[in-house]
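Reviewing the structure listed below.
Numbered from 1 within each chain, the chains take letters A, B, ... in sequence-line order.
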Amino acid sequence: MMPVLIFLPAAVAAVLLLARVPDRAALLAWLGTSLATVGISVGLWAAYLAGARKGADGFAFEVKVPWIPGVGSSFHVGVDGLSLPLLALTAVVFTACAVYSLRQGQRPRSYAALFLALQTTSLGLFAALDLIVFFVFFDLSIVGMYFIIAGWGHGPGRRRSALLFFLYTFVGSLALLLGFIGLYVASDPHTFDIVALAAHPPLTGPGPAGPLVLAAIALGLAIKTPTVPFHTWLPPAHTDAPAAGSAVLAGILLKMGTFGFVRIAMPLLPEQWRAYAWVFIGVGVASVLYGALVALAQHNFKRLVAFTSVNHMGYILLALGAAGLLGDDKAREVAVSGAMVQMVSHGLITAALFLLAGVLLDRGGSYDMNRYGGLAAVAPRFAAVTAVAAFASLGLPGFSGFIAEFQILAGSLGPATPAAAVAALGIVLTAALMLWALHRLFLGAPRSQLATTVTDLRPRELWAIVPLLAGSVLIGLYPQSLLDVITPAAHTLITMVGR
Amino acid sequence: MHADPAAFTPELILLAGAVAALLTGAFVPRRRQWTAQLIAAAALAGSLAATGTIGAPGDTVYAGSYTLDGATLAARLIVPAAALLTLALAARRTRGDAREAEFAVLVLLASAGTILLAGSSDLLLLAVAYLLASIPLYALAGWGRDRRGAEGALKIYLLGVLAGILLLLGVAILYGLAGSTNYTELAAQLPHAPPAALGAGLVAVLAGLLFKAGAVPVHFWVPDAVQGATVGAGAFLTTIPKIGALLALYRLVLTMPGDGVNWRLLLAIIAAASMTLGNLAAFRQNSPTRLLAYSTISQVGYLLMAIVVAGTAARPAPLAALVLYLAAYAAANLGAFAVVAAQPHRATLADYRGLARAHPALVAVLVVCLLALVGTPPTGVFTGKLTVFSTAWDGGFAWLVVIAAINTVASLYYYLRWIAPAFTPATPTPTAEDGRAGAAEPAAGQPVRKGSTRRAPLRALTHPAHWVTASAVIAGLAALLLGPAADIVMTMAPGAQP
């Protein structure tokens with residue numbers, strides 16, 4: 001099943017590129033493929049809960065095909081409680097983007113093909129159980145996103161933003177590759193297999209190699225995540241990317257960074273993770289506060305959402321760092337499962353917010369919140385949906401963000417008390433900035449001619465955005481649906497880190 | 001098995017093909033000079049076929065002077081295949097030219113010399129093969145007979161002769177030290193040699209081989225010769241001589257003693273310098289061929305990394321990594337040159353504006369090949385870089401791997417400088433120009449249209465522009481597929497493992 005799930009979008013993309021499919025059919029093919037991946041994900045989820053096909057090493061639906069035996073790399077994929085939620089998230093967010101883009105006018109065939117290819121790289125990365133397979137998809141996601149920003153972005157600076165994005169994240173991917181080679185060289189027998197490396201972590205004992213390899217891997221993942229101070233590529237990339245591109249970039253591609261921490265950095269370098277846990281906690285708290293403060297200063301709605309991503313990713317790093325501090329196992333487990341819920345929650349909510357930002361640009365031609373005002377009167381549905389998304393983002397109870405941030409703070413409070421206390425300030429800041437943004441956009445009198453031109457959400461946009469928010473509400477009201485899958489995996493992870 | 005002419009069948013076929021093409025070129029009228037090209041192509045294909053039947057027995061012939069192992073097998077497969085692509089991608093320029101046959105002859109002779117160079121396990125044969133592989137290159141560089149071509153040819157000739165003399169000097173020194181030119185004897189005797197003399201001999205031989213590979217510090221011929229030569233000749237110069245030179249270098253360093261002369265460090269420094277200087281110089285280039293010329297200098301740096309750890313127990317096997325990288329690089333580099341050859345009116349990177357609209361297939365090849373040269377997965381060069389980096393690190397050269405990774409990031413910038421304009425809509429003026437050029441050569445780069453008349457496919461087959469496009473697509477596919485199929489290439493070479 002896994003190869004089908006991963007490569008179905010790429011196969012459709014290849015057909016779209018090679019055959020001269022009509023534009024409309026191409027967009028429908030994209031939507032159909034995305035829906036198919038949602039269906040497969042649901043099937044996987046049900047089968048996983050039923051305990052189907054679970055191997056001895058804890059992974060279900062494993063596939064392992066020799067690729068380059070001379071290098072000790074195989075095409076090895078599988079599903080566990082950490083990857084399953086992200087696979088499902090990928091399918092859902094890409095489907096939302098497909099619905100949103102049904103009226104894509106500019107070169108729709110290549111647009112659909114690029115997104116489908118990007119979906120393959122995302123699904124493949126989350127399922128990867130081999131470092132090289134992980135790296136291949138990691139790098140290809142950069143290439144795909146580069147073409148989306150450079151080709152379909154808006155604004156005069158889009159080529160520059162795309163180039164900055166490519167160069168910056170490429171630096172990260174090369175650092176990651178160096179770290180992977182370091183792991184390979186240190187392992188005996190030499191292998192790139194994540195499961196084998198996790199079973200017998202290389203680089204144990206003193207020496208500079210372990211910390212250096214962790215530093216290389218962490219640098220690569222931190223750039224992708226992104227955390228302070230490696231976040232500077234993110235705002236321009238988001239500002240110039242098309243709405244669906246931003247939704248995928250923030251909703252899925254950022255998760256590749258945080259997922260890398262739980263899949264690779266923590267289980268493969270447990271000793272070093274414990275030794276340097278405070279570094280990750282510090283970077284996490286800095287990202288939480290810095291992201292929120294800079295977001296507070298934005299007039300540009302899309303940049304504001306982009307900086308809240310830095311803030312939200314900071315919580316994940318805080319939780320994962322706290323999981324490296326030995327102490328109460330239950331608290332660490334809660335922190336890790338909070339981090340995983342945050343990945344899913346942020347993916348849903350931020351994707352919705354970016355699509356809403358796209359609607360704003362589509363109607364008014366500007367992201368500048370100061371030029372709108374009073375939109376609630378002319379576009380009530382737009383106002384209501386944006387308000388729901390904003391409340392979800394600031395972590396109101398009843399939404400997934402609350403479950404995530406509550407778990408993260410509750411789990412980190414024990415092991416890392418001061419850090420968790422400082423990070424809690426971020427929640428206040430996020431609430432303030434989201435409310436202020438809503439205020440500027442929707443309330444008061446129209447502040448320019450622009451505000452009167454805004455029309456309400458169309459059904460296509462509603463169908464794209466509302467299901468994302470519904471997912472957030474589902475997790476918020478019934479967290480067990482997600483935690484049933486995540487908690488056992490979180491337990492395994494902290495056991496591995498504790499070795 | 002000491003004397004066995006049959007062991008040389010692939011090389012002999014190339015030689016016979018060269019003679020036949022030369023005679024044909026001399027006797028057929030100009031408009032039928034293409035028959036010489038056809039003979040050359042047949043010879044290259046025949047050589048490949050002969051290699052397929054011989055395989056790699058793993059022994060030596062003629063008193064140990066020529067080794068039939070995995071490395072030779074790799075050269076015998078990669079070189080003719082790359083030469084075939086070169087003939088196709090040069091077709092648009094060579095077809096109908098007064099010296100069309102000469103181009104084919106020079107390609108065949110240089111290919112034969114390159115394979116001999118890769119297989120030599122005797123210093124004298126190495127020297128002969130060096131000359132056979134080099135002299136056709138001088139003529140090839142100046143084949144276009146224009147001012148820039150003459151300048152480039154002069155540069156490669158002067159530097160080539162100097163490097164050749166050094167190589168001969170080095171051969172003489174090593175012979176003096178070991179009392180033999182045979183590699184087996186060298187390996188046995190050189191540990192007893194005085195390190196200073198050994199170092200001098202090694203450096204002198206290195207000068208010759210590094211010249212052919214186009215590595216720092218004997219790289220000065222590359223940019224001028226490649227830019228001055230015709231596109232096809234430039235593609236040949238940057239691709240094929242490397243294969244022979246690096247495989248010969250690999251063989252040679254295996255004879256060096258482990259202590260006394262720290263040749264590993266020397267080669268590591270040359271590798272680092274080559275990748276860095278090539279990259280820095282490529283940054284500001286505006287001509288695609290000149291950019292590719294500097295890119296080839298930096299790529300030699302990565303290739304040398306495998307030779308730095310030759311003969312160690314590093315995993316993956318250094319030779320397998322070297323062969324994989326060579327094959328993948330040849331495909332990606334030839335693909336990029338084929339795109340240049342298909343669009344001769346685009347002289348600068350900025351001229352590539354609008355290519356995506358006009359020629360989607362070519363732009364796809366360009367993107368695949370340039371990203372492959374960067375080392376983006378899943379292309380062949382990615383797997384090449386992965387294996388080369390891994391083996392160098394495992395052999396104890398982690399610092400070199402870090403430098404190589406930094407250089408890889410830097411290289412992305414200039415390759416993207418070429419990709420980005422290709423996706424920019426053409427400005428009005430270039431569009432008009434493009435249109436005119438298109439009108440002059442209506443089939444340029446266009447996919448083969450299934451004919452409205454019965455003879456259309458035949459006409460399409462004989463149109464040189466189609467050969468260029470086809471070579472671009474084949475090279476692009478090879479550059480892409482060598483990644484997933486890396487294992488096939490890597491298992492080809494283990495025979496040469498000590």
Between OG of Ser390(B) and CD1 of Ile68(A), what distance do you get to the nearest 0.5 Å?
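These two atoms lie 9.5 Å from each other.
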As an exercise, state the distance from CG of Leu386(B) to CD1 of Ile181(A), rounded to the nearest 0.5 Å.
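Output value for this atom pair is 5.5 Å.
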Test salt bridge (charged side-chain N to carboxylate O under 4.0 Å, His left out) applied to Asp487(B) - qualifying residues, sequence neighbours left out:
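Result, salt bridge (charged side-chain N to carboxylate O under 4.0 Å, His left out) vs Asp487(B): none returned.
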Counting only non-hydrogen atoms closer than 4.5 Å, does Leu178(A) touch chain B with its backbone (N, CA, C, O), its side chain (CB onward), both, or neither?
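Its backbone and side chain both get close to chain B.
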Contact listing (chain B partner; residues 161-172 of chain A; heavy atom under 4.5 Å)
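Against chain B, the residues of residues 161-172 of chain A that fall inside the cut-off (heavy atoms, under 4.5 Å) are Leu163(A), Phe166(A), Leu167(A), Phe170(A), Val171(A).
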Give the table of side-chain donor-acceptor pairs shorter than 3.5 Å for residues 138-149 of chain A, with sequence neighbours excluded, one pair per line with atom names and distance.
residue   : atom : partner   : partner atom : Å
Asp139(A) : OD1  : Ser173(A) : OG           : 2.7
Ser141(A) : OG   : Phe138(A) : O            : 2.7
Ser141(A) : OG   : Lys224(A) : NZ           : 3.0

Portion of Val367(B) that has a non-hydrogen atom of chain A nearer than 4.5 angstrom:
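It is the side chain, since no backbone atom gets that close.
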Checking heavy atoms, do the side chain of Leu371(B), its backbone, both or neither come under 4.5 Å from chain A?
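Only the side chain of Leu371(B) comes within 4.5 Å of chain A.
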Kindly check if the number of other-residue, nucleotide or ligand heavy atoms within 6.0 Å of CZ (Arg357(B)) is above 12?
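Not buried by this count: 12 neighbours or fewer within 6.0 Å.
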Between Val401(B), Thr424(B), Thr391(B), Ile419(B), which residue shows the highest count of heavy-atom pairs closer than 4.5 Å to chain A?
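Most pairs with chain A among the choices: Thr424(B).
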Which atoms form the tightest heavy-atom contact between Trp67(A) and Pro484(B), and what is the distance?
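Looking at all heavy atoms of both residues, the closest pair is NE1-O, 3.1 Å.
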Could you pull out the closest heavy-atom pair between Arg159(A) and Phe423(B), with the gap in Å?
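Closest approach of Arg159(A) to Phe423(B): NH2-O, 3.9 Å.
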With a strict 4.5 Å heavy-atom criterion, list every residue of residues 405-417 of chain B that contacts chain A, or say none.
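Listed by number, the contacting residues are Ala405(B), Thr408(B), Val409(B), Leu412(B), Tyr413(B), Leu416(B).
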Among Ala186(A), Pro69(A), Pro66(A), which has the most heavy-atom pairs under 4.5 Å with chain B?
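Highest number of pairs under 4.5 Å: Pro69(A).
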